[in-house]
Amino acid sequence: MDTLTSTFLLPDQSFHAGTRGDVAELMGMVWQQIKAPVIVPLLRLSVFVCLVMSVMLIVEKVHMAIVVVFVKLFGRRPEKQYKWEPMRDDLELGSSAYPTVLVQIPMFNEKEVYQLSIGAACGLSWPSDRIIIQVLDDSTDPVIRDLVELECKRWASKGVNIKYEIRDNRNGYKAGALKEGMKRSYVKHCDYVVIFDADFQPETDFLWRTIPFLVHNPNVGLVQARWKFVNSDECLMTRIQEMSLDYHFTVEQEVGSSMHAFFGFNGTAGVWRIAALNEAGGWKDRTTVEDMDLAVRASLKGWKFVFLGDLKVKNELPSTFKAYRYQQHRWSCGPANLFRKMFMEIASNKKVSPWKKIHVLYSFFFVRKIVAHVLTFVFYCIIIPATVLVPEVEIPKWGAVYIPSIITLLNAVGTPRSLHLLVFWILFENVMSLHRTKATFIGLLEGGRVNEWVVTEKLGDTTKTKIATKAAKRPRLRIGERYSSSYSATFLCYLLPRPDFHFCLRVNARLHLLELWTGSYLFFCGCYDVAFGQNRFYIYLFLQALAFFVAGFGYVGTFVPTS
């Protein structure tokens with residue numbers, strides 16, 4: 001029987017083996033046929049374009065670094081560039097000598113942080129009859145809405161002039177809420193408006209340090225403070241965010257303020273002159289970056305902006321991978337879409353100088369908001385690995401090694417305490433560049449998710465306490481939001497030199513397929529380089545593939561217990 005079976009099976013197995021061999025041989029022949037006339041020229045063109053973008057980016061980075069050094073060496077502080085005098089009491093006018101300030105706090109189901117933000121705003125030092133706290137609550141959860149209203153009533157009973165405002169829809173999201181808030185009758189008596197997102201906690205002297213710039217400089221329309229992160233040491237993902245955002249504030253905002261009196265409003269921790277806001281056309285919800293939209297329009301009207309790097313406002317970084325992905329989609333898609341919508345308006349504007357137009361269109365939008373995202377993903381995660389498979393295409397060392405190294409070191413300037421995390425920063429930023437590039441093209445082409453707005457989840461102290469008490473419990477089986485069911489857990493598996501800092505990992509409830517596909521591609525290229533390559537890119541390829549796999553399986557960020 002065995003002999004008979006083998007007699008009948010062996011030819012079949014031989015047939016399949018032959019078929020597989022024929023298919024492999026056919027694929028090899030097709031590859032060789034299209035490689036020289038199609039693949040090689042396209043890859044060389046892609047390398048050339050990426051090298052041009054690399055030069056554009058490094059020139060921009062070095063230019064900004066030189067400006068920052070100049071500002072620091074020569075002490076070009078805002079107080080020296082603009083007139084600034086402390087606000088003083090007037091015995092005759094009394095409190096009427098002070099401008100009336102509106103403080104807006106937009107909220108949406110902010111159960112964990114609403115008390116912190118309302119309390120911080122109500123604690124601002126300013127004449128009590130010259131300040132109005134306006135809580136704009138778009139919460140859809142009736143329980144949370146009742147809690148926020150109760151908190152407002154509690155502060156009102158203490159004599160604080162606080163207004164609790166709601167609306168029957170969420171049209172325009174945050175921009176719609178802010179626009180609706182500006183329509184209230186009592187706002188007509190206000191000179192300036194301060195905006196704090198729900199997780200921001202300003203110091204009591206915030207108004208004393210910002211309002212004088214607006215009072216004494218009638219051409220200044222915006223004063224922006226810097227962000228300080230209260231949870232930067234929560235996990236590796238928050239430390240990496242701190243590095244990127246510190247560079248944004250320390251370098252990008254500083255350069256825009258000192259050289260052009262223009263930068264992108266960060267949407268919070270800033271004071272607007274209401275006249276400037278109204279002249280610019282008020283809040284618009286045509287993109288997901290209503291703050292940047294307003295800043296560009298106000299700048300085109302001739303208003304100047306001041307950035308105060310020494311004034312820091314505490315806030316919270318997103319510490320879950322899901323929240324961070326949604327935030328980065330909005331922050332990448334919105335600017336690209338705004339660039340599409342406002343290009344001609346900026347180019348044809350006659351109120352600002354040609355130099356400022358070039359700065360806004362080329363440096364601010366094109367290089368920083370488009371080229372930086374596309375280059376990071378396409379060049380470092382697609383093109384460089386592809387050259388391993390096509391050795392006929394070579395990348396010069398200055399483009400593959402030197403420029404990325406300089407850019408990385410320049411980015412680390414803003415956060416010296418995290419220099420030892422540069423490798424992690426590079427790998428994770430490359431992973432996130434996948435989503436930023438995708439979002440950028442959605443914004444440029446106005447794709448389906450161009451106006452998607454998901455409020456960034458804040459954990460606050462309450463949820464952090466929950467995490468601490470439940471970390472030791474066995475993870476429960478739960479169903480993923482979009483993909484197959486899995487289990488969740490928290491691992492503290494990597495300790496960095498700081499004893500209070502942990503590398504937090506989690507097994508997410510869903511697989512992120514884009515990361516897994518990209519990781520598989522990088523891993524394959526790395527294996528091919530080990531076997532046949534000569535440029536030793538496999539060291540980078542394996543590390544980057546691992547980073548994509550870690551993100552793809554959800555082993556990143558903080559795990560939040562569901563109950």
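Worth knowing before you read on, the calculation uses all heavy atoms, side chains too, and leaves out hydrogens, waters and symmetry mates.
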Using the test side chain to side chain donor-acceptor pair (under 3.5 Å), find all partners of [X] that sit at least two apart in sequence or belong to another chain.
X    : value
T140 : N109
Q134 : Q104, Y186
E203 : none
R76  : none

- Query: Do L421 and L236 come within less than 4.5 Å of each other through their side chains, counting heavy atoms only?
  - Reply: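 Answer yes - side chains close enough.
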- Item | 4.5 Å side-chain heavy-atom contact, L102 and R184 |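 Sidechains of R184 and L102: no contact.
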- Do the rings of F249 and F307 sit parallel, tilted or perpendicular, given the 30° and 60° boundaries?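 F249 vs F307 ring planes: parallel.
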- Kindly state each residue pair satisfying salt bridge (Lys or Arg N to Asp or Glu O under 4.0 Å) with at least one member in residues 328-339, sequence neighbours excluded.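 Sorted result for residues 328-339: empty, none.
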- Item | salt bridge (Lys or Arg N to Asp or Glu O under 4.0 Å) contacts touching residues 356-369 (sequence neighbours left out) | E60-R368
Any pair counted as side-chain hydrogen bond (donor to acceptor under 3.5 Å, both in side chains), so long as it reaches [range], sequence neighbours left out:
range            : result
residues 301-312 : R77-D310, E279-W303
residues 205-221 : S125-W208
residues 288-298 : R286-D293, D293-R297

- Task: Tell me whether the centres of the aromatic rings in F206 and F196 are closer together than 6.0 Å.
- Result: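 Judged by ring-centre distance (under 6.0 Å), F206 and F196 do meet the cut-off.
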Run the side-chain contact (heavy atoms from CB on, under 4.5 Å) test against [X] and tell me which residues pass, sequence neighbours left out.
X    : answer
D285 : A175
V68  : K72, V251, V255
R154 : E151, K158

- Query: Can you list the steps and then say if R239 with D233 is a salt bridge (charged side-chain N to carboxylate O under 4.0 Å, His left out)?
  - Reply: CA-CA 6 Å; R239 281 289 287 271; D233 287 332; 3.4 Å; yes
- Could you tell me whether K83 and E79 make a salt bridge, using a distance below 4.0 angstrom between a side-chain N and a carboxylate O? no
- Message: If we count only N and O atoms by modelled type, under 3.5 Å, do the side chains of N411 and E429 hold a donor and an acceptor together?
- Response: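 There is no such pair between these side chains.
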- Begin with the C-alpha distance, continue with both residues' side-chain angles, and end with the deciding distance and a verdict on salt bridge (charged side-chain N to carboxylate O under 4.0 Å, His left out) for R226 and D246. CA-CA 9 Å; R226 183 176 171 177; D246 277 351; 3.4 Å; yes
